[in-house]
Amino acid sequence: MNLFAAWLAALATLLAILVVPLAMPSLRRALISKPLLLRFRRVMPRMSQTEREALEAGTVSFDGELFRGHPAWGQLLSIPKSKLTAEEQHFLDHEVETLCAMVSDWETTSVYKDLPPRAWQYIREHGFLGMVIPKAYGGLGFSAYAHSEVVTKLSTRCASVAVTVLVPNSLGPGELLLHYGTDAQKRHYLPRLARGIDIPCFALTNPQAGSDAAAIPDHGIVCYGEHDGARVLGLRVTWDKRYITLGPVATLLGLAFRAYDPDRLAGDCEDIGITCALIPTSHPGVEIGRRHMPLNAVFQNGPNSGRDVFIPMDWVIGGAAMLGKGWRMLMESLAAGRGISLPSSNTGMAKLAVRTTGAYARVRTQFKMPIGRFEGVEEALTRMGGNLYVMDAARTLTATLVDRGEKPSVLSGIAKLHITERGREIINDAMDIAGGKGICMGPSNFLGAAYMQMPVSITVEGANILTRSLIVFGQGAVRCHPFVLREMAATQERNRRKALRDFDAALFGHLRFAARNFLRTLALGVTGSHFVRVPDDVAPEARRYYQQATRISSSLALIADVAMATLGGALKRKEKISARLGDVLSQLYIASAMLKRYEDHGRPVTDQPLLAWAFHESVWRMQMALDGVLRNFPVRPVAWLLRFLVFPFGRREVPPSDRLGRRVAALLTAPNEARDRLTDGIYKTPNPNNPVGRMNALLPEVIAAEPVERKFLKASKSGELKGYDYAAQLADAEAKGVLSGAEAALLKRVRDVSFEFISVDDFDAADLAAGRRSKPTLRSVA
Ligand SMILES: Cc1cc2nc3c(=O)[nH]c(=O)nc-3n(C[C@H](O)[C@H](O)[C@H](O)COP(=O)(O)OP(=O)(O)OC[C@H]3O[C@@H](n4cnc5c(N)ncnc54)[C@H](O)[C@@H]3O)c2cc1C
């Protein structure tokens with residue numbers, strides 16, 4: 001008994017030593033926070049202005065919840081569903097429809113190597129270049145969601161026209177002027193951009209600085225010079241840019257360069273920082289170069305340069321007050337624009353691929369069966385359907401957040417990265433299913449242009465490897481974490497008393513947060529997350545999904561903290577660990593977007609296979625990413641402990657089953673409301689130059705003919721039909737009463753019409769060799 005009392009006393013003393021300092025702020029600051037702050041200050045390099053601005057740019061919304069370990073699902077579900085106004089819907093149904101009818105991938109890439117002149121004129125005259133410019137300046141004043149819908153639809157018709165429209169409406173002079181321009185700049189340029197009088201481009205990339213764009217060597221020296229006959233303060237700018245979209249046809253060049261002020265004419269600093277200016281391309285000294293040829297995508301793209309070109313100070317966006325603020329402007333505009341542009345164009349291309357490939361897999365028969373019935377093809381179709389469900393959900397939620405005033409820097413990176421990656425998977429699967437039909441170019445090829453466009457999407461607006469390895473988790477961990485940014489700010493604070501106070505508050509908040517996640521992760525792991533509370537009003541069939549996502553969010557929060565604590569600054573170089581943690585955050589966002597979509601659409605029963613497949617696949621990806629982090633975590637004892645907490649009973653998630661996959665694939669190969677919802681917004685008017693629309697219109701007839709075809713094939717196989725080809729045997733089947741006259745006519749018609757969709761174009765050899773405008777021919781039915 002005495003021994004037990006002694007043990008108790010010793011334990012109490014130990015606890016007192018540990019807890020009392022924590023309860024006494026002055027003591028804990030002296031004993032814990034101050035030494036730690038000093039150590040952090042020593043190991044953390046001073047952040048440059050550029051780094052700080054990149055980190056602080058944009059806003060945090062539901063990504064903060066996902067990082068917290070216990071997402072407030074009610075908050076996500078309470079965001080109103082995006083809707084188009086009557087005017088936006090009218091624009092989609094009329095102007096966008098008209099533009100779609102004017103262009104085609106084939107004509108732009110092979111005949112004009114550009115948009116047809118009439119399309120250029122229509123785009124400029126009907127406000128396509130100024131969709132996001134407010135009506136007060138003559139623009140269309142559309143929401144981000146409407147902008148996204150327009151780009152999505154255009155991408156289902158012609159990738160080049162979509163790029164031409166999306167660039168001025170995302171990261172370009174219009175967006176920069178709206179947020180940072182002076183009143184005079186807005187009054188002058190916005191109406192001109194809205195009416196298509198000016199065509200803008202934005203030039204950041206230099207041959208020496210692509211991904212590392214903040215390192216551009218392009219520079220502007222503050223000096224006095226002559227402008228409009230007067231001596232004014234301005235900058236002498238030298239630049240060399242490449243890859244600039246719309247550059248070759250632009251009349252207004254948005255230019256990023258680093259400003260220097262050696263004579264202190266504009267302030268008291270020599271290296272002012274990255275600055276953005278607007279320069280008319282007609283200005284003396286501006287060299288608009290020739291054209292690049294981005295993988296035969298043929299939208300206008302090229303280099304431009306200038307040497308010692310004098311520009312007045314009021315050409316700097318926002319005027320002299322915004323000298324050196326260019327990087328922050330770009331980061332914030334990118335945060336919004338990146339969430340709309342490529343997510344929308346890639347979703348459009350994916351919708352096109354899913355709808356057409358689903359139909360093609362039904363129309364195309366081999367081994368006397370529609371190819372979509374073969375399990376191998378079915379597997380690819382399943383992935384296509386599930387991936388598109390993910391893409392459309394993430395695209396829509398991101399646009400909705402932008403419309404709510406968010407500049408989602410982390411989420412827009414996730415949307416860009418994962419929507420383009422899933423888009424690439426879809427197009428690759430579609431190409432495999434289409435076989436030679438996808439490979440031979442010509443007006444009847446409905447996939448080749450999207451396939452060629454894919455690497456462009458992967459590379460621009462933050463190349464995907466970089467975004468995955470460096471940005472998503474790197475920025476997410478700092479921006480979305482409730483305490484890390486505050487801790488970092490405290491280490492950079494010059495006032496030492498304030499620094500200690502702020503650091504202490506953030507550190508102990510952080511420790512409490514980490515302790516909660518530790519306990520929650522263990523509890524959710526042991527109970528399989530079955531007791532997690534979710535809002536009462538979610539769809540009962542999706543309740544379990546919210547519980548699973550909460551468990552993974554908790555694991556992510558815990559591992560992220562441990563990784564930051566044990567690896568510190570080295571985590572930035574451990575890109576494979578960082579990328580996997582980013583994948584978990586990304587998949588959590590994607591899963592949340594799917595759950596929101598399901599609720600927003602009124603929980604359609606017919607969508608359940610899509611949601612179930614896509615959600616399980618996403619959870620499985622998250623599990624494998626977490627497993628990858630733990631397997632490769634450099635501090636092994638820490639990894640063992642984390643594995644015990646995160647996977648107490650091992651990895652329990654499995655990929656979606658084949659049976660579920662079959663239900664998804666079946667949705668793609670027949671007309672139904674789930675397929676219509678999934679591919680909503682596609683250009684499918686069955687006009688003569690739109691094989692996509694006509695193939696879809698044929699699908700019901702193909703399906704109606706299938707039982708008749710089976711009857712015919714059975715008779716043919718039994719040898720009772722005379723003749724050596726289809727036509728002869730069909731005539732014999734009708735003569736012998738195997739098929740009625742109407743049935744034989746149906747089979748003949750379907751075979752005749754579907755021949756167009758399985759045919760490919762061929763060209764005159766001499767024309768091809770000479771690179772001439774050659775007219776393709778599509779072989780008709782023999
Ligand atoms: C068709 C097209 C249109 C474009 N339009 C414009 C435009 O309008 N305006 C404009 O200013 N620019 C534009 N760009 C430029 C575009 O933004 C750059 O191409 C992009 O930033 C990548 O730069 P890079 O091509 O030089 O690749 P690099 O920077 O050389 O990168 C090569 C590879 O290395 C990877 N990488 C680089 N650093 C890291 C890292 N730290 N960790 C992991 N991986 C890394 C990248 O992800 C990439 O995979 C366009 C480019 C193209 C091709």
Side-chain angles (χ1 to χ4, degrees), residues 51 54 109 114 129 159-160 162-176 199-218 239-250 252-258 274 276-279 281 288-289 291-305 326-327 329-331 333-334 337-338 341-342 345-346 413 416-417 420-421 424 449 452-475 571-580 582-583:
E51 275 178 307
T109 55
D114 187 8
L129 302 181
S160 307
V163 172
T164 303
V165 168
L166 74 83
V167 165
N169 285 291
S170 52
L171 180 60
E175 178 82 7
L176 294 172
I199 295 185
C201 69
F202 192 81
L204 172 64
T205 305
N206 174 288
Q208 305 301 335
S211 299
D212 187 10
I216 41 173
D218 313 294
W239 74 94
D240 180 14
K241 303 291 190 183
R242 66 176 179 179
Y243 303 152
I244 308 309
T245 303
L246 297 188
V249 291
L252 185 61
L253 170 69
L255 187 71
F257 57 87
R258 184 169 274 276
I274 291 181
C276 299
L278 289 180
I279 307 177
T281 52
I288 293 296
R291 284 181 64 184
H292 299 308
M293 206 49 187
L295 274 178
N296 206 28
V298 309
F299 55 83
Q300 292 282 341
N301 185 279
N304 62 69
S305 58
W327 193 247
M329 288 158 64
L330 292 176
M331 288 300 107
S333 298
L334 190 65
R338 185 171 56 181
S341 50
L342 292 159
S345 57
N346 277 252
K416 188 272 164 176
L417 163 65
T420 54
E421 287 297 339
R424 171 152 69 174
M452 281 196 269
Q453 184 86 17
M454 263 308 147
V456 177
S457 307
I458 300 292
T459 298
V460 301
E461 295 195 8
N464 280 8
I465 296 181
L466 168 94
T467 306
R468 176 170 179 260
S469 318
L470 204 65
I471 309 291
V472 172
F473 183 74
Q475 203 174 26
L571 186 54
K572 195 175 168 187
R573 289 185 301 278
K574 292 259 162 234
E575 286 195 346
K576 293 180 210 165
I577 299 280
S578 176
R580 291 182 182 111
D583 287 347

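Note that ligands are numbered from 1 as they come in the structure, with each ligand's atoms numbered from 1 the same way.
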Q. Who are the salt bridge (Lys or Arg N to Asp or Glu O under 4.0 Å) partners of R338, not counting sequence neighbours?
A. none

Q | salt bridge (Lys or Arg N to Asp or Glu O under 4.0 Å) partners for R424, two or more places apart | A | E421

Q.
Can you list every protein residue that has a heavy atom under 4.0 Å from any atom of ligand 1, sorted by chain and residue number?
A. F202, A203, L204, T205, G210, S211, Y243, I244, T245, P294, F299, N301, V456, T459, V460, A463, I465, L466, L470, E575

**Q.** For the student: nearest non-hydrogen atoms of A297 and Q453, plus distance
**A.** CB-OE1, 3.2 Å

(Q) What I want to check is whether the side chains of S305 and D240 have a donor and an acceptor closer together than 3.5 Å. (A) no

Q: Would you mind listing every salt bridge (charged side-chain N to carboxylate O under 4.0 Å, His left out) that reaches into residues 204-214, with sequence neighbours excluded?
A: none

Q. With a 4.5 Å heavy-atom cut-off, do R291 and V298 have their side chains touching?
A. yes

